[in-house]
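The block underneath contains the structure these notes are about, expressed in structure tokens.
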2 protein chains.
Amino acid sequence: MVTIYDVSERAGVSLATVSRVMNNNARVSDKTKAKVLQAMADLGYRPNAIAKGLASSRSNSVGVLISELHGPFYGMMMSAIETELRKHDIHSIFAAGHSDAAKEEDAVNFLLSRRCDALILYVEAVSDEFLVELNKRGTPIVVLGRDIKNLQPQCINLDNEQGGYLAAKYLLDAGHRDIAYISGPLWKVDTQDRLAGHRRALAEHQLTFDESLLIEGDFQEEGGVDGLNKLLSSGRPFTAVACGNDEMAAGAMAAARDAGMTLPDDLSIVGFDNVAYSRFVYPKLCTVNYPVREMAEMATHWVLRQVYDHTRFEIENTFTPVMVERNSVLRVQK
Amino acid sequence: MVTIYDVSERAGVSLATVSRVMNNNARVSDKTKAKVLQAMADLGYRPNAIAKGLASSRSNSVGVLISELHGPFYGMMMSAIETELRKHDIHSIFAAGHSDAAKEEDAVNFLLSRRCDALILYVEAVSDEFLVELNKRGTPIVVLGRDIKNLQPQCINLDNEQGGYLAAKYLLDAGHRDIAYISGPLWKVDTQDRLAGHRRALAEHQLTFDESLLIEGDFQEEGGVDGLNKLLSSGRPFTAVACGNDEMAAGAMAAARDAGMTLPDDLSIVGFDNVAYSRFVYPKLCTVNYPVREMAEMATHWVLRQVYDHTRFEIENTFTPVMVERNSVLRVQK
DNA sequence: TTGAAAGCGATACCAT
DNA sequence: ATGGTATCGCTTTCAA
């Protein structure tokens, strides 16, 4: 492997000078610069990011912790982050936390030992205090998908309550009154917020939520399948079901059809997230848009500015969901 | 940041000894080991992976180049690789090549400058020669999704031709004779192979493929939509369509329905890949299973053994696709 | 504008 | 079993 020494020797200049032209952060005469560049080209020199990292105590990498590396939601997130960072020659280290506190902490330690310059975290299980403490440890962090009191300026979140409200309101406005709900895991804050919004919409219509129409799911397709089957076998009547996310909505659709129902005639369904494939299930899914890409980009820009540019950057802390109307909801006459 | 120096001082031992207990690769008395461990705990020591990398000329990271970071197919791949590697405290650096030769080369250079210990590559646009040359550069590589003559033992691929054959045969056995094909980009080898298999199945039935029933798509949902619309407006009759992958199949389904068709009665559809959501489109998609997870794990094991363990490991070079029967194909009587 | 030299935080060889 | 020390490839004062 050719090093900076080889280049300096070949160009007949010092190590320092070679370093300067690499980072072109100091004045170097055009003539020497040309010599150095030529030497690099001749030798096929490639800078060693590891050595650079050690010397500058900057790894030029940012750690990204998300729940899973697969799935349409996280896919968007990773894609947005990697694209933006790599433009700046920074690499992203992705790690999965699997929605489990121990695994999330593990992943954080892993990323920290990698000496990431910053961390972008979408964590679900770890406590607020953990994050507050982590923040004090020196590595800048930005938190996606949570609101933490003592970390406000570094949090980027969607107004989930409002999202849940919009979905329910959409169903209510279409004339539905018996509305079931297949939620994500109840311990997750997102789940709770969306459900709270759902309740608020019902309350606005002087309806109280029938708790027996609430099924706890897992944010996966299978959870939607199981959820709908449970609802069906409960015998309780319902004309619509709101789902905690699109995956479960897709599962619920499949289960409904397996049970012999026609959609949306026999059952109206709304999802949440607006993942790519929600447009390609049948019927096309009405859902709440979660602007993941924008939020991920916001997080990345914060890191870029705050950490690498040393310039302040005000984050847009709360994103607003909007309803995406498609064909999975039937208007019923009252 | 606390370093190995601090630990050695606190424990009253030398640097070397601290290093030994960290890597426990040399004999250290239980007593000193305990002292060192205690000192580490007291100080909250975290090894600096960067420094370790420089000193050992092992970054403990492997570069993974795939076409996109989103999408169900690559999601599975990343997930499988990351899980396996992190068990061994190795991190994966994912980079997107976007199916473009220049961008793929760019990404390779990026990963190389990161001093990855090995590269797992799913590249589509770059030439075979490029990969052969790359392989000579010292960093071990394993290639997914391609067969390269002079790189055979490091290639892991699916028998795409056989997959294309199976899909077409399935349609033929169900009685279909007028079969359209929405392919991926024609310059991609996967596309060509799958199409070749398709043709072989037709030939076995004494049918020749009607070229006007071939539409070039893009492996995305939208490509399936466009593809089906083109087929429809061509006026040519067809009772079934085979798609280059599941995403396009989902798009084709949506387009068919938008055109007023009932599925699978008016049109039978098969996909390719068996991505997670293919089970949740309607009707449930008949498709060809692509064992991505297994293939990714195979690649990872190769790297683990060959690079980190210095023990030989024979790769299973070719995986066999199987047909997954579901409900998107109608049996027609002859 | 350029050079000399002291780190950065580990590893690993050579002694003891 | 333990310690001393050169080394990895680059950055970054400090001088010149």
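The chains referred to below are lettered A, B, ... by the order of the sequence lines, with proteins before strands, and numbering in each begins at 1.
For S99(A) and E124(A), the side-chain atoms include at least one donor-acceptor pair closer than 3.5 Å. Side chains of Y308(B) and D117(B): a donor-acceptor N/O pair is present below 3.5 angstrom, by distance only. At a cut-off of 3.5 Å, with distance as the only test, no side-chain donor of K188(B) or N160(B) sits close to an acceptor on the other residue.
Counting only residues at least two apart or on different chains, the side-chain hydrogen bond (donor to acceptor under 3.5 Å, both in side chains) pairs with a member in residues 309-319 of chain B are R305(B)-T311(B).
For R46(A), there are no salt bridge (Lys or Arg N to Asp or Glu O under 4.0 Å) partners at least two apart in sequence or on another chain.
One interatomic measurement links the two molecules: CG of N24(B) to P of dT2(D), which rounds to 14 Å at whole-angstrom precision. Look at CG on D89(B): it is 15 Å from C1' on dA10(C), rounded to the nearest Å. Rounded to whole Å, the distance from NZ on K33(A) to P on dT1(C) is 11 Å.
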request  = Mark up nucleotides 5-11 of chain D, 5' to 3', with B wherever a protein heavy atom is under 4.0 angstrom from a base atom, S wherever such an atom reaches only the sugar-phosphate, and - elsewhere.
outcome  = ---BBBB
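Less than 6.0 angstrom separates the ring centroid of Y122(B) from the ring centroid of Y74(B).
For the pair T17(B) and dA1(D), the criterion of a side-chain N or O lying under 4.0 Å from OP1 or OP2 is not met.
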